[in-house]
Amino acid sequence: MLRLLKARLPIRMDGGRWRILLAEGRTVDKKTMVDNKTMARLLAETADLMEIDGADSFRIRSYRRAAEAAEQTTVDLAEAANDTARLLAIDGIGKGMAAHLQSIAATGTLPLRDELLAKYGAGVLELLKLPGMGPKTVALLWDAAKIGTIDQLAEAIAAGRLKGLPRMGDKQIQKLQKGIEDYRRSAGRFRIDVAEEEAGRIAAYLLKFKGIKSVTPAGSLRRGRETIGDLDLLVTGPACAPEKTGPAVEYVAAYPGIQDMIAKGDNKVSFHVDQGLQVDVRLLPEESYGAALQYFTGSKAHNVTLRQRALKMGYTLSEWALARLDDGTTVAAATEEEIYAALGMDWMPPEMRENLGEIDAAAGHDLPRVVSLSDIRGDVHMHTTASDGHNSIGEMAEAALACGYKYIAITDHSKNLAMTNGLDEKRALEQIKQVRAMDKRMEGKIRVFTGIEVDILADGALDLDDEVLAQMDVVIASVHSRFDQSREEMTERVLKAIENPNVRILGHPTGRLLLRREPFALDLAVVLKRAAELGVAMEHNAAPERLDLNDRDLRLAKELGCRIVMSSDSHDSRNLGKMVYGAKQLRRAWLTKADVLNTREAKGFLAGLRARK
DNA sequence: GCCGTTTTCGGCCCGACTGTTTTCAGTCG
């Protein structure tokens, strides 16, 4: 936004909302540019800058909290900006933060942030991302040597100008140099399935050591996040008893996949493996394994709130134990269940631990029974050799049967996707006959439904005739082309498509999985609301490389009463079982069986699909 | 700057590791 302003784009007031005039004369809501994520980023950056500036740490914390709140809320902050009461209703947003949010919504920027940026420059924010580099060191480098960017730091190191500064020994300087190299090479997160594979390899190695009994991945991997920053592995067994960890630590440090060692202590070994994934292996005595598992699973926000609760009850919670404040005696430590129980709470799945109300719910014994993979009865989006799949209808049915599904729907592409050999009306009708025959041949072991994934054309029409669509059990409408449309045009297009009574499922509702292209922008809240009214379900494509909806999208869908259909969109029979990551996401969004359409038996699923008003 | 069964002031999560120290500050998760 700032950049746009600097580029002197013509801006005008239009219907009470700022709009930017594009070159072609088309206008775009400024709202589309200041989304919640941007709000969160601006607040978090302000917190970073305040820290460098040496501001009050509690004040800084409230900026961080507000940033988290902005990231997680389902309220569209830019839209709610003129309603102060709505902003104040969000936990962590008070009078000051509400004013900041309003300032961002109106101007795209935050005066305090601008002020600090003018003082230190934007480069300090990047400096903070270097490992071992915190606000105090950034402030030191700035005060002592006017270093404000990564490039300037690299230059200063090369020129030997860091020597002699406080806390800047040879090792520290080397560490910074290496950090710069790593940062320049790759700064990123890893997909959950990639991290999980690596965790499996390391666990297999560790379990060969006598005295290591179990290895549990914790952190964001256990919480089922889409991407993982680093890998936390908790290890326990007799070899992890206090003061006896030496041999086990040495064994961990000898893992052949280690690229370079970051740290090695009595109960922690950190290193990088291939592609720069950081792994933290922690060795813990069995008696405190539950406390450690709880602690390292997080999230941070969940843990902070949990510890506050512990304090109020006269306890203190650490990675070693839940203990009494007065005499330090252990109350619970060996299992997570014991710890949560001692705090008056029910145990909850790791996916729910994001401090989004689960603590209160667990304390009130009121946790929703969230959906799990075993609740999913069928998979209703898959392709066969008729379009761009690799297997026949029969092979897909057999593979689904092996996965334990009770039904599938065959949904090949329609004719508009010529490159996939999409079906025209004639071939679609022919395939219906084949699918019905296969359904009969399976003798009720698994139901095989007819279906198609039609393309939503630029004007919102579908690319197959309604008479053909009317004969399908499942019609998924997806956007596959024309990404140059504006937010309004894209929203209109999808709205029109789901008005078609034949459409049962909206596929790829955010365009997020359409790889190598920008996800398309549409007003998801508007679309979801209409879909809920119409009884159209929204697809959540669940393979890890293409998770369709993010957590916020899913929460929004639940809030607006729009049902979800989880699917694999398999093009290969081997991928039919890959809904495990999608299921984790559904749990993260607190979805129950009632929110997910394909948790029902075949008849209930079909009835649900047809429940259109 | 936020928040309140400790409510309009005075709190606000905790321990390990590292490197530079000679008792500890800073960073990280």
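Residue numbering restarts at 1 for every chain, and letters A, B, ... go by the order of the sequence lines. The shown structure was predicted, so the numbers you read here are calculated from the model rather than taken from an experiment.
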_I need the single residue from E336(A), E351(A), E196(A) that forms a salt bridge (Lys or Arg N to Asp or Glu O under 4.0 Å) with R222(A). Which is it?_
E336(A)
*Euclidean distance for P, dT7(B) against dG11(B) (whole angstrom)*: 12 Å
*Atom P, compared across dT22(B) and dC28(B): separation rounded to whole Å*: 24 Å
*Does dC12(B) pair with anything, Watson-Crick or G-U wobble, both distances under 3.5 Å, and if so, with which nucleotide?*
dG1(B)
*Look at all strands and tell whether K175(A) reaches a base, only sugar-phosphate, or nothing, counting heavy atoms closer than 4.0 Å.*
nothing
*Closest to the R61(A) side chain, choosing from dC12(B), dG1(B), dC3(B)*: dC12(B)
*Whole-angstrom distance between dC3(B) and dT8(B), as gauged at atom C1'*: 11 Å
*Report the distance from atom NZ of K95(A) to atom P of dG1(B), rounded to the nearest whole Å.*
11 Å
*asked:* With rounding to the closest Å, how many angstrom separate the P atoms on dG1(B) and dT5(B)?
replied: 23 Å
*asked:* What is the separation between atom NZ on K300(A) and atom P on dT27(B), rounded to the nearest whole Å?
replied: 14 Å
*Base, sugar-phosphate, or nothing for S270(A), non-hydrogen atoms under 4.0 angstrom?*
nothing
*How are the rings of W142(A) and Y120(A) set relative to one another: parallel (under 30°), tilted (30 to 60°) or perpendicular (over 60°)?*
perpendicular
*Which residue, L325(A) or K312(A), contacts DNA chain B at a nucleotide closer to its 5' end, judged by nearest heavy atom?*
K312(A)
*Checking all strands, does N303(A) fall into the base, sugar-phosphate, or nothing category for heavy-atom contacts under 4.0 angstrom?*
nothing
*How many Å lie between CZ on R353(A) and C1' on dG29(B), as a whole number?*
16 Å
*Scan L311(A) against the nucleic acid and name what it touches under 4.0 Å (heavy atoms): base, sugar-phosphate only, or nothing.*
sugar-phosphate
*Indicate whether any N or O donor in one side chain lies under 3.5 Å from an N or O acceptor in the other, for D170(A) and Q172(A).*
no
*Please tell me which of D280(A) and M168(A) maps to the more 5' nucleotide of DNA chain B, matching each residue to the nucleotide holding its nearest heavy atom.*
M168(A)
*Using atom CZ of R64(A) as one end and atom C1' of dG29(B) as the other, report the distance to the nearest whole Å.*
13 Å
_Taking the P atom in each of dT21(B) and dA16(B), what is the distance between them to the nearest angstrom?_
24 Å
*Distance, rounded to the nearest Å, where M97(A) contributes CE and dC3(B) contributes P*: 10 Å
*Are K264(A) and E250(A) close enough for a salt bridge, meaning some N to O gap below 4.0 Å?*
yes
*asked:* Could you tell me how far dG15(B) sits from dC9(B) if I compare only their P atoms? Round to whole Å.
replied: 32 Å
*Go through dT20(B), dC3(B), dT27(B) for me and flag the one nearest to the K136(A) side chain.*
dT27(B)
*With a 4.0 Å cut-off, would you call R64(A) and E51(A) a salt bridge?*
yes
*Between dT20(B), dC3(B), dG1(B), which nucleotide gets closest to the side-chain atoms of R65(A)?*
dC3(B)
*Rounded to whole angstrom, note down the P distance from dT20(B) over to dA25(B).*
16 Å
*Just checking L140(A): base, sugar-phosphate only, or nothing, at a heavy-atom cut-off of under 4.0 Å?*
nothing
*asked:* Counting only side-chain nitrogens and oxygens, does R167(A) get under 4.0 Å of the OP1 or OP2 atom of dG26(B)?
replied: yes
Which pairs, protein N/O on one side and nucleotides 15-17 of chain B N/O on the other, fall under 3.5 Å?
from	atom 1	to	atom 2	distance (Å)
dA16(B)	OP1	W320(A)	NE1	3.3
dC17(B)	OP1	N267(A)	N	3.4
dC17(B)	OP1	N267(A)	OD1	2.6

*Sole candidate of R588(A), Q585(A), R587(A) that passes side-chain contact (heavy atoms from CB on, under 4.5 Å) when paired with L554(A)*: Q585(A)
*Can E354(A) and R223(A) be counted as an ion pair, charged N to O under 4.0 angstrom?*
yes
*Quick one: do the D151(A) and T149(A) side chains pair a donor with an acceptor below 3.5 Å?*
no
*Closest to side chain of P135(A), choosing from dT27(B), dG1(B), dG19(B)*: dT27(B)
*asked:* With rounding to the closest Å, how many angstrom separate the P atoms on dC17(B) and dT23(B)?
replied: 23 Å
*Take the protein atom CD1 of I60(A) and the nucleotide atom C1' of dC2(B), then report the distance between them rounded to whole Å.*
14 Å
_Integer-rounded Å distance: dC3(B) C1' and L88(A) CG_ = 13 Å
*Would you check if there is a donor-acceptor pair between the side chains of D260(A) and H272(A) at a distance under 3.5 Å?*
yes
*Between atom CD in E51(A) and atom C1' in dC28(B), what is the gap in whole Å?*
12 Å
*At under 4.0 Å between heavy atoms, what does P166(A) touch on the DNA or RNA strands: base, sugar-phosphate, or nothing?*
nothing
